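Step one of this worksheet: look at the structure below.
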Amino acid sequence: MEVGSDFRHWDELIPDALGLIFSNLTLQEILTVIPRVCQSWNKAVLGPYCWQEIDIEDWSNRCEPHHLDRMLETLIARSCGSLRKLSVSGLQNDRIFSHIADHAGSLQILRLPRSEISDSIVEKTAGRLSNITFLDLSYCGKISFRALETIGKNCKMLVALCRNMHPLDTAGKPLLDDEACAIATTMPRLKHLEMAYHLISTGSALQILSSCHELEFLDLRGCWDVKLEDKFLKEKYPKLKVLGPLVLDYYERNEWEDCSDFSDASDYLAWEFVAGELDDYYDDDDDESYAEMWDGEERLDQLELRFYEGLGHHEDAGGVGWPPSP
C-alpha cells in the first residue's frame, strides 16, 4: 500500500467488522476459504464474531440425534458467550437444553420446536434465560403449564411466545386451560402469542387479553371452543390482530414484524467438518484434503448462521398457513 493512501488492507479491519462481512458469504466459504486467506481472517472466523446467530433448524430436522448434541456444543463453544439467537429443532434430551441455558447470558431469541425437554429441566434452568425476548416451544409435548409458569416468572423481558400444537395431538381431547392461565398470569408484557390448536376456552382467551395489555398479535387457529366476536375485539382491542379460530390459507398481518429473521440463503455443511478442530491456521497443503471432505460427504444438510440484528430490524412475517407438521 502506498504511503499516504486512504485505503486500508482488508486484514487491518477489526474482527467484528470482518465477521459482519463474512456473514454474507456461504457457510462453506466461511469455513474452508476465509480461514486460509490470512491469519487475521482465520482469527475472525474462529472467534465469536461469525457465530452470534446460529440457525440449524432445517439441518436438525434431518440429522442423527447424537450429531445434533455435538453440533450444538461445538457451535455454542465458538460463540464464546456472545450467542444472541439460537434456532434448533428436536432436542432429544434435557442435558443439551441445560447446556444451552449454561451459555445463555446474551441469548435473546430461542427457538426449540419439537423438542423432548421436560418441565423439570425448564424449572431448573429458567433463571439462566432471563434475557430471552422471543421463545418458541411449539410441539414440545413433554412440557406443560409448569414450564410456562416458570418461564414467565423468570423471563421478564419476554415479548413473543410460540406455543403451537399439532391438530393430531389435540384432536378429541377435553378442554385444558392451564397453559393459557399460566401465560395470562406470568407474561403480561407479551406482544406476540401463538397458541394454535390448543384446547382452550373462551374464558381463558379473555383472561390472556385482559392480562397482556401490550398484545398485538394472537394466533388462535384451531382453538375451536374460543368464541370471540369481531365487533367486540375491534371495540375493546383495536390494535390487536387475531388469527383464527378458523384455519385460513393466508392471513395478512399488516405491519406486525416477527421477532425472528429468516433468510432465503442456504449453505451446505458436513457434520464431520464442523465437528473438527479449526484452531490451527490452514496452509495450502490442506486444500486438497478439505476439497475431498466437501465433495465426498453424503450427509450434507442445510445450516444457516446469521448475525443478530435486534428486535427492531426483522423481516415481515408475511402470510400464515397451515402449521408445519412436527
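Atoms considered below: every heavy atom in the structure, side chains included; atoms not considered: hydrogens, waters and symmetry mates. What you are looking at is a predicted structure, and each value in this text was computed from that prediction instead of being measured.
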What is the minimum heavy-atom distance between [X] and [Y], and which atoms define it?
X	Y	result
A184	Q207	CB-CG, 3.6 Å
F217	L240	N-CD1, 3.7 Å
I200	A180	CG2-CB, 4.1 Å
S89	L68	O-CD2, 3.7 Å
Y237	S210	OH-N, 3.9 Å
L199	T170	CD1-O, 3.4 Å

In Å and rounded to the nearest 0.5 Å, what is the [atom1] to [atom2] distance from [X] to [Y]?
X	Y	atom1	atom2	result
N154	E149	CG	CD	10.5 Å
L75	L83	CG	CG	9.5 Å
M187	L161	CE	CG	5.0 Å
H192	L135	NE2	CG	11.5 Å
M165	S138	CE	OG	9.0 Å
C155	I132	SG	CD1	6.5 Å

How far apart are the C-alpha atoms of C140 and R163, what are their side-chain angles, what is the distance that settles it, and do they pass the side chain to side chain contact (heavy atoms under 4.5 Å, CB included) test? CA-CA 8 Å; C140 296; R163 181 61 178 141; 3.8 Å; yes

Do [X] and [Y] have side chains that get closer than 4.5 Å, going by heavy atoms?
X	Y	answer
V242	L220	yes
F97	V122	yes
L228	L206	yes
R128	T125	yes
K85	Q52	no
L107	I100	yes
H99	I76	yes
L72	L91	yes

Begin from the C-alpha positions of L137 and I143 and carry the test side chain to side chain contact (heavy atoms under 4.5 Å, CB included) through to its verdict. CA-CA 9 Å; L137 294 176; I143 64 171; 3.7 Å; yes

Linking I/L/V/M/F/W/Y whenever their side-chain heavy atoms sit closer than 4.5 Å, directly or via other members, would [X] and [Y] fall into one cluster?
X	Y	answer
F145	Y139	no
F232	V226	yes
Y197	L176	no
L175	I208	no

Going through the checks in order, is the side chain to side chain contact (heavy atoms under 4.5 Å, CB included) test met by I151 and L129? CA-CA 8 Å; I151 289 168; L129 303 172; 5.8 Å; no

Does [X] come within less than 4.0 Å of [Y], counting only side-chain N to carboxylate O?
X	Y	result
R146	E123	yes
E216	K241	no
R95	D69	yes

Kindly say whether [Y] contributes a backbone atom to a donor-acceptor pair with the side chain of [X] at under 3.5 angstrom?
X	Y	result
E116	R114	no
N61	E57	yes
T133	Q108	yes
S106	G81	yes
S204	D178	no
D219	R221	yes

Could you walk me through whether I117 and I96 satisfy the side chain to side chain contact (heavy atoms under 4.5 Å, CB included) test, starting with their C-alpha distance in whole Å, then the side-chain angles of each, then the deciding distance to 0.1 Å, before giving a yes or no? CA-CA 9 Å; I117 57 178; I96 192 63; over 6 Å; no

So, D94 and S118: side-chain donor and acceptor under 3.5 Å apart, yes or no?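 Yes, side-chain donor-acceptor contact under 3.5 Å.
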
Distance alone, cut at 3.5 Å: any donor-acceptor contact between the side chains of D136 and N164?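 There is no such pair (donor and acceptor under 3.5 Å, judged by atom type) between the side chains of D136 and N164.
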
Passing option when K153 is tested against T186, L148, T185 for side chain to side chain contact (heavy atoms under 4.5 Å, CB included):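 Single pass found, and it is T186.
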
Pairing residues for N131 by the side-chain hydrogen bond (donor to acceptor under 3.5 Å, both in side chains) criterion, not counting sequence neighbours: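 Checked N131 against side-chain hydrogen bond (donor to acceptor under 3.5 Å, both in side chains); zero matches.
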
